Amino acid sequence: MRTEKEIDYEIQNKLAQVAVEKIRKDYADKVDSFPTLKDQLQKYENQLTSSEIIINYAEYRKIYIDIIETQRMWLINKNREELLLDEEIIRKHLRILDLQEERMNMKS
């Protein structure tokens with residue numbers, strides 16, 4: 001029996017596959033004209049080829065959270081070193097890291 005997480009990943013990957021097929025079929029001639037469409041296509045393709053249906057998901061999650069924490073510490077240290085940095089810029093990037101971490105927590 002498949003777990004809820006496995007079913008969720010299966011649906012995510014199928015949605016990505018449907019999107020790739022649609023773009024390639026109906027919008028192939030537009031991909032080079034619209035960088036955002038090209039980026040989205042690459043995102044979907046990466047999702048299909050990535051190993052996010054990872055058997056060792058718990059280990060991957062730990063690694064990803066560690067990377068986010070390292071980025072967070074770098075930002076905090078950068079802010080301390082360069083007092084001229086706009087505090088709002090630092091806060092914005094810290095919020096982005098918080099969101100990435102929250103998304104990771106939602107998937108687990």
Side-chain angles (χ1 to χ4, degrees):
M1 182 162 184
R2 295 179 301 168
T3 66
E4 185 177 325
K5 189 182 297 185
E6 290 170 329
I7 294 168
D8 185 50
Y9 282 131
E10 183 179 315
I11 290 170
Q12 286 179 24
N13 283 340
K14 187 60 180 173
L15 289 171
Q17 182 180 356
V18 167
V20 167
E21 290 168 2
K22 177 69 173 174
I23 293 169
R24 294 217 176 278
K25 179 181 172 213
D26 295 343
Y27 302 106
D29 59 327
K30 305 283 188 199
V31 170
D32 289 329
S33 302
F34 295 96
T36 305
L37 181 60
K38 187 175 190 173
D39 290 346
Q40 194 63 44
L41 175 62
Q42 288 174 339
K43 177 184 169 196
Y44 289 133
E45 289 173 333
N46 287 342
Q47 185 176 339
L48 290 173
T49 58
S50 77
S51 56
E52 285 231 318
I53 307 177
I54 302 173
I55 293 170
N56 297 324
Y57 184 78
E59 184 179 1
Y60 167 75
R61 185 183 173 285
K62 278 194 226 175
I63 292 168
Y64 190 72
I65 296 297
D66 186 47
I67 290 168
I68 290 172
E69 189 58 33
T70 301
Q71 291 173 320
R72 185 178 286 120
M73 292 310 301
W74 182 87
L75 268 174
I76 291 168
N77 289 332
K78 185 74 170 168
N79 190 37
R80 286 183 190 142
E81 292 169 5
E82 297 184 31
L83 298 176
L84 300 177
L85 285 180
D86 186 347
E87 190 74 25
E88 271 307 303
I89 295 172
I90 298 296
R91 277 197 288 269
K92 176 184 101 172
H93 288 284
L94 287 171
R95 282 191 302 270
I96 290 169
L97 292 174
D98 290 344
L99 287 172
Q100 289 174 338
E101 186 173 6
E102 184 60 30
R103 271 193 299 252
M104 178 59 63
N105 289 332
M106 288 173 58
K107 289 182 179 181
S108 58

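For clarity, every value in this text was computed on a predicted model and none was experimentally measured. Only heavy atoms go into these numbers, but all of them, side chains included; no hydrogens, no water, no symmetry mates.
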Side chain to side chain contact (heavy atoms under 4.5 Å, CB included) evaluation trace for Gln100 with Tyr64 | CA-CA 9 Å; Gln100 289 174 338; Tyr64 190 72; 4.0 Å; yes

Do Leu48 and Val18 belong together in a cluster built from hydrophobic side chains that touch within less than 4.5 Å?
-> no

Any idea which heavy atoms bring His93 and Leu75 closest together, and the distance?
-> CB-CD1, 3.5 Å

Do the side chains of Leu97 and Ile67 join up, straight or via other hydrophobic residues, at under 4.5 Å, putting them in one cluster?
-> no

When rounded to the nearest 0.5 angstrom, what is the spacing between CD1 in Ile23 and NZ in Lys38?
-> 12.5 Å

Quick one: pull up CD1 in Ile90 and CZ in Arg80 and give me the separation to the nearest 0.5 Å.
-> 11.5 Å

Salt bridge present between Arg91 and Glu88 (N-O < 4.0 angstrom) = yes

Indicate if Ile89 and Ile68 have the same hydrophobic cluster label, given that clusters are the connected sets of ILVMFWY residues with side-chain heavy-atom separations under 4.5 angstrom.
-> no

Measure the spacing between NZ of Lys43 and OG1 of Thr36 and express it to the nearest 0.5 Å.
-> 12.0 Å

With sequence neighbours left out, what residues match Asp29 under side-chain contact (heavy atoms from CB on, under 4.5 Å)?
-> none

Which heavy atom of Gln47 sits nearest a heavy atom of Gln12, and at what distance?
-> NE2-O, 3.0 Å

Could you check Thr70 against Asp66 for side chain to side chain contact (heavy atoms under 4.5 Å, CB included), going step by step and ending with a plain yes or no?
-> CA-CA 6 Å; Thr70 301; Asp66 186 47; 4.2 Å; yes

Show your working on side chain to side chain contact (heavy atoms under 4.5 Å, CB included) between Val31 and Arg24 and close with a plain yes or no.
-> CA-CA 9 Å; Val31 170; Arg24 294 217 176 278; 6.0 Å; no

Side-chain heavy atoms under 4.5 angstrom apart, residues restricted to Ile, Leu, Val, Met, Phe, Trp, Tyr: same cluster for Tyr27 and Leu15?
-> no

Working to the nearest 0.5 Å, report the span between CG of Leu99 and CZ of Arg103.
-> 6.0 Å

Determine, using the 4.5 Å side-chain heavy-atom cutoff (strictly less than), whether Trp74 and Ile96 are members of one ILVMFWY cluster.
-> no

All side chain to side chain donor-acceptor pair (under 3.5 Å) counterparts of Arg72, not counting sequence neighbours = Glu69, Asp98, Glu101

List in chain and number order the residues that pass salt bridge (Lys or Arg N to Asp or Glu O under 4.0 Å) with Lys62, two or more places apart in sequence or in another chain; answer none if no residue qualifies.
-> none

